[in-house]
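First up is the structure itself, then whatever we jot down about it.
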Amino acid sequence: MLTSALRKLLPGSDYVIVNSGYGFESDQHRMSTALAADSRAFTAADPNLIYSEVIPLSLNDPRSAWRLWAGFPNSRFDNNMDVQSVREFELAGYAAVALVTLLALACWYAIGRTMTMQVEAAETLERRVEQRTAQIQHLATHDILTGLPNRGLLADTMDEALRSLRDDEKLAVHCVDLDRFKPVNDTLGHPVGDELLGAVAKRLKHHAGETAMVARIGGDEFVILQLLLDGDDEAGVLASRVIHALSDEFSIQGHKINIGGSIGIAVFPDDGQSSETLIRNADLALYKAKMEGRGTCRSFEPGMDARLQERRQLESELALGVKKEQFVLHYQPLHDAKTSQLTGFEALVRWNHPRLGLLPPSEFIQLAEETGAIDALGEWIMRRACADAVKWPLPVKVAVNLSPAQFKQQGLSLQVAAALAASGLLPSRLELEITESVLLANNENTLNTLYSLRDLGISIAMDDFGTGYSSLSYLRSFPFNRIKIDRSFVSLMCESSESRAIVKAVAELGTTLGMTTTAEGVETEDQYRLVKENGCTDVQGWYFGRPMPVSELHALFDQPEALTA
């Protein structure tokens, strides 16, 4: 009866009446083939259909529940525009949901990646800041060139060490200074000098040992801190070891360099109670070591401070002396070896010091080079020598020494030309003497200056020949007019056959190269005879005359017979 009633209400065939309690499914055979043959036993909606639903029926049946399963076949809506629009909308919705989901995932990934990159960037920046901070801290406490602790870190370390020393412990401060470093910078250039300082630092650290600290406090000055456990003798042993190490040859950019070093020592607590006092007293001892011949070690002694004050006073007086022209020139004669005829004079400077009297060049030339006063002093010497020589009879010449430091000037040749022009002296009557250290660098600027001087008509002489490292190569690098054989060979000619052979070989070399050879330091008749027999063309020394003021030269010119020895 229920089925008949439903057939009247639902004329279609797309439904089934279901009662699971009775196992009843009505008219299933009447369903359209477009519907599923088994729609989950008609107990749930079919997800494959556009529409299907299970509807409970309110029937008064206490035994079991009656349900109506209804559905529409998909084919019924295939040609329906509204349904197709709905389907397309649904598909677009699904696509939009999928796209939005993908975009959301992409945004989430991008946000996550960005956050990760920001975290990584922050961590990288933090590491770089830490590294840079460490670098800045290192640069603030260490020497850039050698990597050694600098003066500030040295003082802090010393103060801490002095506070922590036990009653029976001592601390030695070694002030180390390189003996011949400045000529390396002047001749080979600062790049070679910088590399040499780095090599020195490595050698000092190696020989100082693990328990000592090596610092660079400026220029070519180093300090070694040494803890003394077995008495003061330990300081002397370390100093001797360091001096020996620095005396060994350095090989820098193809150059064989010999420098050496001097050391001053101060010991806590005997020579000072603070880091400032100890370094100052060690520096005073170093000054004494350098004044006594270099390559040595000296310990601090009371009274050294007075000598340092004297040096500092001399420095200030030197600058004032150049300004006030407190200097005078003395002239030592040069003679022809065969005829003894006077050929010229070498100009030698003296400082007419208002407090100390007449000082030889050994007392102030090095100081002038170190302080830079050599430029003004050298210019004065050149002008004064040319002005004096123009008054001498022809063809007597004047020889003027040039310091290696003067070749650092860009206008040295112009300075010499100005002195010749101001005095009226013929360039052929001027000879400039240089040492081998000037050519040690063999750099373009030095050679250009020498050729510019030669182009003026001036003669160039190599002084103290034989005392350098590569004399023969220097003769090849520049065509000198004269070779001056160092007095150390001449003084031994009477006793040493080797010295006579060296003098003879140099004289023959000069003849072959078209250069005159002057034997320096001839003081006896036997020496004069030997240098003449061995081929020297000119002679100079006390045997022919000591350096004398310009006022005494006119007496020689007034007496022609005095022009020969």
Side-chain angles (χ1 to χ4, degrees), residues 180-196 250-259 346-347 365 368-369 372 374-375 377-379 381-382 385-386 397-421 425-486 506 509-518:
R180 292 177 292 275
F181 177 74
K182 190 174 185 299
V184 174
N185 261 350
D186 292 342
T187 56
L188 296 180
H190 287 281
V192 174
D194 291 347
E195 189 172 336
L196 176 60
F250 289 87
S251 180
I252 306 295
Q253 297 184 15
H255 301 282
K256 304 299 182 182
I257 301 175
N258 291 271
I259 48 174
E346 180 181 357
I365 287 296
E369 291 175 337
I374 191 65
D375 294 340
L377 179 59
E379 183 177 5
I381 293 172
M382 186 67 62
C386 291
K397 303 176 64 173
V398 63
V400 178
N401 292 279
L402 290 179
S403 165
Q406 290 179 263
F407 277 82
K408 295 169 64 176
Q409 304 177 64
Q410 295 297 323
L412 178 59
S413 57
L414 294 178
Q415 184 184 109
V416 174
L420 290 171
L425 182 69
L426 294 174
S428 60
R429 297 182 62 192
L430 175 62
E431 184 170 88
L432 300 179
E433 298 185 5
I434 66 171
T435 59
E436 297 177 22
S437 59
V438 171
L439 286 175
L440 187 60
N442 194 25
N443 61 55
E444 185 177 352
N445 179 63
T446 299
L447 291 176
N448 287 340
T449 300
L450 287 173
Y451 278 108
S452 295
L453 294 171
R454 276 285 300 269
D455 291 342
L456 293 174
I458 298 169
S459 301
I460 307 293
M462 177 179 282
D463 198 11
D464 301 330
F465 183 81
T467 59
Y469 304 116
S470 306
S471 299
L472 296 180
S473 66
Y474 296 149
L475 293 181
R476 186 178 61 224
S477 64
F478 181 80
F480 290 91
N481 301 96
R482 183 189 301 272
I483 304 172
K484 300 190 74 172
I485 304 173
D486 188 71
V506 174
L509 177 64
T511 301
T512 302
L513 297 177
M515 304 177 186
T516 58
T517 52
T518 300

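Here the structure is a predicted model, which means the values were calculated and not measured.
For the pair Phe480 and Met515, the tightest heavy-atom approach, listed with the atom from each and the gap, is O-CG, 3.1 Å. Nearest heavy atom pair, residue Gly378 against residue Gln406, reads CA-NE2, 3.6 Å. The two residues Gly510 and Thr517 come nearest to each other via the heavy atoms CA-CG2, 4.1 Å. Nearest heavy atom pair, residue Gln253 against residue Pro191, reads NE2-O, 4.1 Å. Closest of all the heavy-atom pairs between Ala347 and Val398 is CB-CG2, 4.4 Å.
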Please determine whether side-chain contact (heavy atoms from CB on, under 4.5 Å) holds for the pair Phe250 and His255, giving the CA-CA distance in whole Å, both sets of side-chain angles, and the decisive distance to 0.1 Å.
CA-CA 8 Å; Phe250 289 87; His255 301 282; over 6 Å; no
Could you go step by step and tell me if Phe465 and Asp486 meet the side-chain contact (heavy atoms from CB on, under 4.5 Å) rule?
CA-CA 5 Å; Phe465 183 81; Asp486 188 71; over 6 Å; no
As a quick check of understanding, evaluate side-chain contact (heavy atoms from CB on, under 4.5 Å) for Asn481 and Ile458, giving each step before the final call.
CA-CA 9 Å; Asn481 301 96; Ile458 298 169; over 6 Å; no
Please report the C-alpha distance between Phe478 and Thr446 in whole Å, then the side-chain angles of each, then the deciding distance to 0.1 Å, and finally whether the side-chain contact (heavy atoms from CB on, under 4.5 Å) criterion is met.
CA-CA 10 Å; Phe478 181 80; Thr446 299; over 6 Å; no
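Rounding to the nearest 0.5 angstrom, the gap separating the OG atom in Ser413 from the CG atom in Leu432 is 11.0 Å. From Thr449, atom OG1 reaches atom CG of Leu414 across 9.5 Å, with rounding to the nearest 0.5 Å. Atom SG of Cys386 and atom CD1 of Ile381 lie 11.5 Å apart (nearest 0.5 Å). Between the CG atom in Asn448 and the CZ atom in Phe407 there is a gap of 11.5 Å [rounded to 0.5 Å].
Glu433 has its side chain within reach of Lys484: a pair of non-hydrogen atoms, C-beta onward, lies under 4.5 Å apart. The shortest distance between side-chain heavy atoms of Ile257 and Leu188 falls below 4.5 Å. Looking at Leu430 and Leu420, their side chains come closer than 4.5 Å, going by heavy atoms from C-beta outward. Taking 4.5 Å as the limit, some side-chain heavy atom of Leu377 sits within range of a side-chain heavy atom of Ile365. Here the side chains of Lys182 and Pro404 are not in contact, with every heavy-atom distance at 4.5 Å or above. Residues Asn401 and Glu346 meet the side-chain proximity criterion, which asks for heavy atoms closer than 4.5 Å.
Of the charged side-chain nitrogens involved, none lies within less than 4.0 Å of a carboxylate oxygen, so that Glu369 and Lys408 do not count as a salt-bridged pair.
Inspection of the Lys397 and Ser459 side chains reveals an N or O donor paired with an N or O acceptor under 3.5 Å. Looking only at atom types and distance, the side chain of Thr518 has a donor-acceptor partner in the side chain of Arg482 under 3.5 Å away.
A distance-only check finds no donor-acceptor pair linking the side chain of Glu195 to the backbone of Val192 [under 3.5 Å].
No option in Ile434, Ile460, Ile374, Asp463 other than Ile434 meets the side-chain contact (heavy atoms from CB on, under 4.5 Å) test with Leu402.
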